[in-house]
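These numbers were taken from a predicted model, which means no experiment stands behind them.
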Amino acid sequence: MISVKNLTKKYGKLLANDGVSVQINSGQMAVLLGPNGAGKSTLIKSICGLLRFEGSITINGLDNKSSGAKKVLGYVPEMPVVYPMLTVGEHLEFIARAYKLTDWEDYAEELLTRFELTDKRKKLGKELSKGMQQKVSICCALLPRPKAVILDEPLVGLDPHAIRELKRILVELKTQGVAVMVSTHLIDSTERDWDTTYIMQGGKIVMECSRTDMEGESLEDIYFSITGTNQGEDK
């Protein structure tokens with residue numbers, strides 16, 4: 001569903017992604033781990049068609065920058081971006097119109113209910129806290145019922161109820177055959193549900209492991225054995 005082959009991205013002389021390859025099939029959840037500066041954000045933005053790059057990226061067999069690929073991809077950025085003068089309800093209506101959705105109202109209402117936003121539907125984007133903006137961002141990404149979803153640090157700013165609900169939704173998406181990719185620093189947040197983990201460091205995938213490869217080791221132990229404590233800034 002999401003196929004990345006030999007992705008290379010430079011910012012001037014900085015090699016942010018160096019020959020990165022990732023494959024996430026329908027009904028799989030892939031977790032992307034790595035210290036700050038590993039290249040995770042660059043990989044995600046490239047997949048979502050926000051950056052120029054060398055290599056190949058397809059979504060559902062289509063070039064990732066094509067309109068067909070964009071229609072089946074949901075993206076939740078690390079920093080929520082909402083329209084300051086649109087209400088919560090108008091955000092969902094905007095997405096519905098942009099994607100030419102039909103019979104979307106019931107699902108929109110379900111999402112608002114699950115993320116405790118029903119009483120905020122008339123609140124303007126500029127009036128929302130960061131956590132509420134994150135909830136709106138998630139609802140907008142899910143409303144078109146995408147075939148692939150990418151979430152960049154989705155739990156940051158969410159309250160405990162929203163965290164629990166999002167975890168439930170991710171499992172539901174997997175069951176429905178959606179390809180899910182989650183980038184997170186909270187290793188234990190997806191401990192029970194992931195299928196494949198990619199660990200990045202220095203712009204490269206330094207390890208790919210499946211749940212069946214664990215052999216009694218925890219994902220946290222594997223992560224720290226590879227990355228140590230080297231920290232920088234995400235690029």
Side-chain angles (χ1 to χ4, degrees), residues 1-2 24-30 44 47-49 59-62 64 66-125 127-184 189-190 193 195:
M1 175 57 70
I2 299 176
I24 308 169
N25 297 322
S26 299
Q28 288 187 336
M29 180 188 294
I44 288 173
I47 294 174
C48 294
I59 300 169
N60 200 29
L62 303 172
N64 72 312
S66 68
S67 59
K70 292 180 183 297
K71 287 181 180 179
V72 299
L73 177 66
Y75 172 45
V76 179
E78 180 177 3
M79 295 296 294
V81 179
V82 300
Y83 296 101
M85 297 307 294
L86 288 185
T87 66
V88 171
E90 288 169 343
H91 274 84
L92 294 176
E93 184 177 354
F94 174 79
I95 293 296
R97 291 188 178 190
Y99 282 82
K100 299 180 180 179
L101 304 179
T102 58
D103 301 322
W104 57 273
E105 291 88 351
D106 287 347
Y107 187 45
E109 189 65 28
E110 177 187 336
L111 290 171
L112 291 176
T113 299
R114 296 184 72 167
F115 285 102
E116 297 183 318
L117 289 171
T118 53
D119 61 338
K120 304 294 190 299
R121 66 175 72 247
K122 293 185 179 181
K123 285 277 189 180
L124 295 174
E127 298 174 330
L128 302 174
S129 67
K130 181 181 177 181
M132 297 224 174
Q133 290 180 1
Q134 182 77 333
K135 293 180 184 182
V136 173
S137 181
I138 293 169
C139 291
C140 288
L142 297 179
L143 185 62
R145 299 183 186 273
K147 295 182 179 180
V149 178
I150 296 178
L151 306 98
D152 192 358
E153 297 292 347
L155 304 182
V156 175
L158 293 184
D159 57 76
H161 173 88
I163 290 174
R164 183 180 65 175
E165 204 59 47
L166 179 57
K167 289 181 179 180
R168 288 175 175 173
I169 287 175
L170 294 181
V171 173
E172 292 170 10
L173 291 174
K174 276 184 52 178
T175 303
Q176 295 163 9
V178 176
V180 179
M181 182 179 190
V182 182
S183 174
T184 182
S189 64
T190 54
D193 306 313
D195 299 292

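Evaluation of the salt bridge (Lys or Arg N to Asp or Glu O under 4.0 Å) rule for E109 yields R121 as partners, not counting sequence neighbours. Evaluation of the salt bridge (Lys or Arg N to Asp or Glu O under 4.0 Å) rule for K147 yields no partner, not counting sequence neighbours. Under the salt bridge (Lys or Arg N to Asp or Glu O under 4.0 Å) criterion, R145 pairs with no residue, sequence neighbours left out. By the ring-ring contact (aromatic ring centres under 6.0 Å, His included) test, Y83 is found to be paired with H91, F94, residues two or more places apart in sequence or in another chain being considered. For E105, the salt bridge (Lys or Arg N to Asp or Glu O under 4.0 Å) test picks out no residue, with sequence neighbours left out.
Between V88 and F115, every side-chain heavy-atom pair lies at or beyond the 4.5 Å cut-off. V136 has its side chain within reach of C140: a pair of non-hydrogen atoms, C-beta onward, lies under 4.5 Å apart. When side chains are defined from C-beta on, I44 does not count as touching E78, because their heavy atoms never get closer than 4.5 Å. Counting heavy atoms from C-beta outward, K130 and V156 have side chains that approach closer than 4.5 Å. Proximity of N25 to M1: side-chain heavy atoms (C-beta onward) are nowhere separated by under 4.5 Å. Using a 4.5 Å heavy-atom cutoff, the side chains of L166 and L151 are in contact. When side chains are defined from C-beta on, S26 does not count as touching V178, because their heavy atoms never get closer than 4.5 Å.
Between the D159 side chain and the H161 main chain, a donor and an acceptor come within less than 3.5 Å of each other. Side-chain N or O atoms of N64 include none that pairs as donor or acceptor with a backbone N or O of I59 at under 3.5 Å. Listed for the E116 side chain is no donor-acceptor partner under 3.5 Å among the backbone atoms of A162.
Within 6.0 Å of atom CG in D106, 12 or fewer heavy atoms from other residues, nucleotides or ligands are found, so the atom counts as exposed in its surroundings. More than 12 heavy atoms of other residues, nucleotides or ligands shown are found within 6.0 angstrom of NZ on K70.
Separation of atoms CZ (R168) and CG (L173) is listed at 14.5 Å; rounding is to 0.5 Å. Separating the CE atom in M85 from the CD atom in E127 is a distance of 8.5 Å, to the nearest 0.5 Å. A distance of 14.0 Å separates CZ in R164 from CG in L155, rounded to the nearest 0.5 Å. Summarising the geometry, atom CG belonging to L128 is positioned 8.5 Å from atom NZ belonging to K120; distances are rounded to the nearest 0.5 Å.
Minimum heavy-atom separation, V76 to A141: CG2-CB, 3.6 Å.
Note on residues 84-99: pairs passing salt bridge (charged side-chain N to carboxylate O under 4.0 Å, His left out), not counting sequence neighbours, are E93-R97.
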